[in-house]
Amino acid sequence: MYELEIIGVFSAAHRLRDYHGKCEHLHGHNYRVHVAVRAASTGTGGIVIDFSDLKSASSRVLDRLDHTFLNEIEPFDEIEPSAENIAAFLFSEIARELNDRAGLLYSVSVWESDTSRATFFR
Ligand SMILES: [Zn+2]
């Protein structure tokens, strides 16, 4: 089994509505996002997916969130902009960007800080 991973970043503000603690107040994060694909074998040329294709598919999604107030953006205007929900959202949106290669996508991890991450995987 092969696993390939790229790392993306975006900066955004959020506040958790249904939460009591530091994150209920408006604040920002420099999010780090790890996007991983897995495959049992490589395709032509000995690669699973071109890293640049994976990076550009991920960037198209992350750019939509960069420098925003997440609570004002779909779907986070209705669901909590938690690291867990952001990871699940990114997974489905990046899968959509990968089109016919969506099945390769394995996991999306969202790091809110250097020591805290949430991962969504299939
Ligand atoms: Zn936060």
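Atoms within each ligand, like the ligands themselves, are counted from 1 in listed order. Just so we're clear, the structure is a prediction, and the values are computed from it rather than from any experiment. Heavy atoms only: backbone and side chains are in, while hydrogens, waters and symmetry mates are out.
- No side-chain donor-acceptor contact under 3.5 Å links Ser116 to the backbone of Ser113.
- From Ile86, atom CD1 reaches atom NE2 of His29 across 7.5 Å, with rounding to the nearest 0.5 Å.
- Taking the charged nitrogens against the carboxylate oxygens, Arg15 and Glu24 have no contact shorter than 4.0 Å, which rules out a salt bridge.
- Sorted by first then second residue, the side chain to side chain donor-acceptor pair (under 3.5 Å) pairs that include residues 67-78, not counting sequence neighbours, number zero.
- Under the salt bridge (charged side-chain N to carboxylate O under 4.0 Å, His left out) criterion, the residue pairs touching residues 112-121 are Arg32-Asp114, with sequence neighbours excluded.
- Among residues two or more places apart in sequence or in another chain, the side chain to side chain contact (heavy atoms under 4.5 Å, CB included) test is passed with Arg122 by Phe91.
- Excluding waters, the count of protein N/O/S atoms less than 2.8 Å from the Zn ion (ligand 1) comes to 3.
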